[in-house]
Amino acid sequence: MPHQGKVALVTGGARGIGLGIALKLADSGFTLAISGRRPLEEVQPALDEIRKHSGASIYVQADVSDGSDRARLLLAVEENLGRLDVLVNNAGIAPRVRADILDAREESFDELIATNLKGPYFLTQSVAAWMIRQHANDPQVHRAIINISSVSATVASVNRGDYCISKAGIAMATRLWAVRLAEFGISVYEVRPGIIETDMTAGVREKYDALIEAGLLLEKRWGTPADVGSAVCLLAKGELPYATGSVLNVDGGLTLPRL
Ligand code: NDP
């Protein structure tokens with residue numbers, strides 16, 4: 001396999017979209033490091049599934065919003081796998097309660113920004129330093145950082161302003177890191193999923209069923225973690241060259257303006 005020996009880190013890789021991404025990457029030959037908040041026992045079935053394709057893959061329990069956890073995560077990747085070629089900033093949360101921005105609470109804003117924006121931003125900073133060192137030793141290798149944002153980076157939902165702002169921030173973070181890291185051969189991309197069938201959207205299933213039925217999307221179905229995984233895989237493998245800083249929509253046409 002062409003990507004055998006390369007290592008990808010997917011935060012939040014043990015379920016939902018992250019697992020969809022991890023499985024596609026493992027299938028392409030990458031060794032995976034996945035992380036999440038839960039203890040290893042709870043994610044063992046997901047890790048076993050990944051290891052069917054990529055035996056040496058590891059799981060690290062680490063809260064992406066916590067600086068010391070992020071440092072421990074990268075240390076574990078370095079000690080166990082020795083290198084890092086691809087970072088996928090996927091871990092993220094929705095607000096605990098969807099609240100109108102006229103009432104929404106500051107605690108929710110702080111939690112969303114810490115997890116969805118500050119965590120990936122500073123994880124990228126640390127990974128960038130490591131990738132720059134790797135680039136100096138081995139400049140031919142394609143390295144990439146891929147941020148999973150959301151259609152919410154541009155589509156305003158007034159019952160989850162904190163989420164939208166965190167994802168709009170990720171859009172700018174993608175641009176900033178694309179500019180800063182290009183000279184080191186590191187491509188930075190943003191993938192914007194639409195309505196994807198995962199635990200995160202389980203509570204709003206009927207609402208979106210009705211919207212999809214009414215014609216919200218051009219491709220009339222829920223998106224799947226595998227759909228997002230395919231897009232990320234393309235970028236991770238370097239199959240979209242000369243395109244750093246790009247945004248890839250995986251939203252079934254949700255954000256295409258129509259009259
Ligand atoms: P899920 O709720 O199914 O999974 C979220 C993942 O993120 C879990 O693996 C979880 O780990 C991990 N995670 C959450 N908080 C932390 C944290 N503080 N530290 C480490 N890991 C954490 O969500 P999805 O798979 O649906 O979402 C994945 C990403 O895709 C998110 O960034 C989300 O915003 C984005 N997205 C989702 C869409 C959708 O329709 N589902 C649409 C657009 C974007 P654990 O399991 O251990 O809790």
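Remember, predicted model here, so these are calculated numbers, not experimental data. Position 1 is the first residue of the sequence; numbering continues from there. Order of listing sets the numbers, starting from 1, for every ligand and every atom in it.
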Using a 4.5 Å cut-off on heavy atoms from C-beta on, say whether the side chain of [Y] contacts that of [X].
| X | Y | value |
| --- | --- | --- |
| D48 | Q44 | yes |
| N116 | Y163 | yes |
| R192 | T255 | no |
| H142 | K6 | yes |
| I196 | D227 | no |
| R160 | S152 | yes |
| V232 | I17 | no |
| D199 | R15 | yes |

[X] to ligand 1: N or O pair under 3.5 Å?
| X | answer |
| --- | --- |
| T201 | no |
| I196 | yes |
| G12 | yes |
| S150 | no |
| D63 | yes |
| I17 | yes |
| A14 | no |
| S35 | no |
| K167 | yes |

Please list the nearest protein heavy atom to [atom] with its residue and the distance rounded to 0.1 Å.
| atom | value |
| --- | --- |
| atom 48 (O) of ligand 1 | R37 NH2, 2.8 Å |
| atom 42 (C) of ligand 1 | G194 O, 2.9 Å |
| atom 19 (N) of ligand 1 | V64 N, 2.9 Å |
| atom 26 (O) of ligand 1 | T198 OG1, 2.5 Å |
| atom 21 (N) of ligand 1 | A91 CB, 3.5 Å |
| atom 27 (O) of ligand 1 | M200 CE, 3.9 Å |
| atom 31 (C) of ligand 1 | N90 O, 3.2 Å |
| atom 8 (C) of ligand 1 | R15 NE, 3.7 Å |

Pull out every atom of ligand 1 sitting under 4.0 Å from any heavy atom of [X], numbered as shown with elements.
| X | answer |
| --- | --- |
| D199 | 3 (O) |
| Y163 | 33 (C), 34 (O), 35 (C), 36 (N), 44 (C) |
| I93 | 14 (C), 15 (N) |
| R38 | 45 (P), 46 (O), 47 (O) |
| A62 | 19 (N), 20 (C) |
| I148 | 30 (O) |
| T115 | 15 (N), 18 (N) |

Here's a test for you: under side-chain contact (heavy atoms from CB on, under 4.5 Å), which of [options] qualifies with [X]?
| X | options | result |
| --- | --- | --- |
| I195 | L211, V151, L216 | L216 |
| N89 | T124, I148, V127 | T124 |
| T31 | I50, D85, L25, V7 | V7 |

**Item:** CA sep, side-chain torsions, deciding dist, call: T174, I170, side chain to side chain contact (heavy atoms under 4.5 Å, CB included)
**Value:** CA-CA 6 Å; T174 305; I170 283 295; 4.2 Å; yes

**Message:** Closer than 4.0 angstrom, basic N to acidic O: yes or no for K24 and D27?
**Reply:** no

**Request:** Report yes or no: is the cationic atom of R205 (NZ for Lys, CZ for Arg) under 6.0 Å from the centre of the six-membered ring of W222, at an angle within 45° of the ring normal?
**Result:** yes

**Message:** Among P39, G92, G20, P225, which one puts a heavy atom closest to atom 5 (C) of ligand 1?
**Reply:** G92

**Prompt:** Counting heavy atoms only, which of A153, A46, S149 is nearest atom 35 (C) of ligand 1?
**Reply:** S149

**E107 atom CD: more than 12 heavy-atom contacts under 6.0 Å** = yes

**Item:** Residues, nucleotides or ligands: over 12 heavy atoms within 6.0 Å of E239 CD
**Value:** yes

**Item:** Whether S152 lies under 4.0 Å from ligand 1, heavy atom
**Value:** no

